[in-house]
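Everything below concerns the one structure shown next.
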Amino acid sequence: MRLPATLTVAEAVTWLVGNRVAVRTDLSGALLGSWRLDQGGQRLDPDARVGSLNADQDLELRFVPNTILHVEITIVQEPAPVRFFTPVGGAVPVCSLVDHLAGRFDLPPGSWTLFHGDRALSPWALLDDLGPLPAALALTLRRGEDTDG
């Protein structure tokens, strides 16, 4: 199968899951995990472009279990930020996390970006992509920045 060279590895996985690979859930629909690509036995950077990969080596689909993380989330909004702790699945795409927060907190329309420290997370990223995580993770949702993958 060929994937567009301009896609990031994370976007390619999102396309595969939507077209070729099942979303792995339990019978009630709860997410059991997601997928990532490896090459030559090595985990690929989800932000790498497909066109930068070795075309002579196969890509391998790897299952990422949906490990539950303890996360402090800060939503930067007017008149005051909202801060709370909540369990979050490490294999849930960032765009789904942002969508949930926007709906739950009735956030105004527009572009919202989730940050880990100063790093803007791609909509197709998983928290698992951040690598080994501390017991308590801090994320910030801010308006007005778009990473667009």
Side-chain angles (χ1 to χ4, degrees), residues 1-55 57-76 82-107 109 111-143 145-149:
M1 155 187 303
R2 291 195 175 272
L3 295 167
T6 58
L7 290 181
T8 66
V9 169
E11 288 171 318
V13 169
T14 300
W15 184 88
L16 287 169
V17 170
N19 291 283
R20 302 284 182 161
V21 180
V23 175
R24 207 171 261 180
T25 67
D26 66 16
L27 293 176
S28 71
L31 182 69
L32 296 177
S34 190
W35 304 95
R36 280 295 177 248
L37 291 173
D38 294 348
Q39 190 172 52
Q42 299 295 314
R43 182 179 188 150
L44 291 175
D45 177 354
D47 293 327
R49 298 286 171 187
V50 169
S52 71
L53 304 178
N54 183 345
Q57 268 191 319
D58 288 339
L59 297 174
E60 301 133 17
L61 205 54
R62 175 179 42 83
F63 183 69
V64 177
N66 191 33
T67 305
I68 301 302
L69 307 168
H70 300 287
V71 179
E72 176 186 15
I73 296 177
T74 302
I75 301 173
V76 178
V82 173
R83 181 173 286 134
F84 60 99
F85 287 89
T86 188
V88 176
V92 178
V94 165
C95 60
S96 295
L97 299 175
V98 171
D99 179 67
H100 173 78
L101 293 169
R104 173 123 194 299
F105 291 93
D106 197 25
L107 299 177
S111 178
W112 290 86
T113 303
L114 194 63
F115 287 82
H116 176 243
D118 292 335
R119 179 181 173 190
L121 301 179
S122 159
W124 315 118
L126 309 175
L127 296 183
D128 184 81
D129 294 337
L130 297 173
L133 297 170
L137 181 67
L139 300 173
T140 304
L141 183 63
R142 293 197 298 251
R143 187 171 184 178
E145 300 189 42
D146 187 5
T147 61
D148 197 31

Heavy atoms, side chains only, cut-off 4.5 Å: are Leu16 and Trp35 in contact? no
OG1-CD distance between Thr6 and Glu11, expressed to the nearest 0.5 angstrom: 7.5 Å
Less than 4.5 Å apart, any side-chain heavy atom of Val23 and any of Leu31? yes
Nearest 0.5 Å please: distance from the NE2 atom of His70 over to the CG atom of Leu137. 11.5 Å
Give me the atom names and distance for the closest heavy-atom approach of Leu126 to Gly90. CB-O, 3.5 Å
Exam field: side chain Asn66 to backbone Ala91, donor-acceptor pair closer than 3.5 Å: yes
Should Leu37 and Leu61 count as side-chain neighbours, where that means a heavy-atom distance under 4.5 Å? yes
Could you walk me through whether Leu127 and Leu121 pass the side chain to side chain contact (heavy atoms under 4.5 Å, CB included) check? CA-CA 9 Å; Leu127 296 183; Leu121 301 179; 4.1 Å; yes
Heavy-atom closest pair, residues Leu32 and Phe63: O-CZ, 3.5 Å
Grab the two heavy atoms, one from Pro87 and one from Ile68, that are nearest each other, plus how far apart they are. CB-CG2, 3.6 Å
Could you give me the CA-CA distance, side-chain angles and deciding distance for Leu59 and Leu44, then say whether side chain to side chain contact (heavy atoms under 4.5 Å, CB included) is met? CA-CA 9 Å; Leu59 297 174; Leu44 291 175; 3.7 Å; yes
Quick test of your reading: applying salt bridge (charged side-chain N to carboxylate O under 4.0 Å, His left out), list the pairs with at least one residue in residues 22-41, sequence neighbours left out, ordered by first then second residue. Arg36-Asp129, Asp38-Arg62
Answer yes or no: is there a side-chain heavy-atom contact under 4.5 Å between Leu97 and Leu141? no
Side chain to side chain contact (heavy atoms under 4.5 Å, CB included) between Val76 and Thr140, intermediate numbers included: CA-CA 7 Å; Val76 178; Thr140 304; 3.6 Å; yes
CG on Asp58 to CG on Leu53, rounded to 0.5 Å: 12.0 Å
Less than 4.5 Å apart, any side-chain heavy atom of Asp47 and any of Ser122? yes
With a sphere of 6.0 Å drawn around CZ of Arg83, does it hold more than 12 non-hydrogen atoms of other residues, nucleotides or ligands? no
Could you tell me whether the side chain of Phe84 reaches within less than 4.5 Å of the side chain of Ile75, counting heavy atoms only? yes
To the nearest 0.5 Å, what is the distance between OG1 (Thr86) and NE2 (His100)? 7.0 Å
Arg119 and Leu130, any side-chain heavy atoms less than 4.5 Å apart: yes
Check for a donor-acceptor pair, side chain of Gln39 on one end and backbone N or O of Asn54 on the other, with a separation under 3.5 Å. yes
Would a 4.5 Å heavy-atom cut-off, applied to side chains only, mark Thr8 and Arg49 as touching? yes
Here the gap from Asn19 atom CG to Thr14 atom OG1, rounded to the nearest 0.5 Å, amounts to 10.5 Å
Closest non-hydrogen atom pair, Leu7 against Ala12: CD1-CA, 4.0 Å
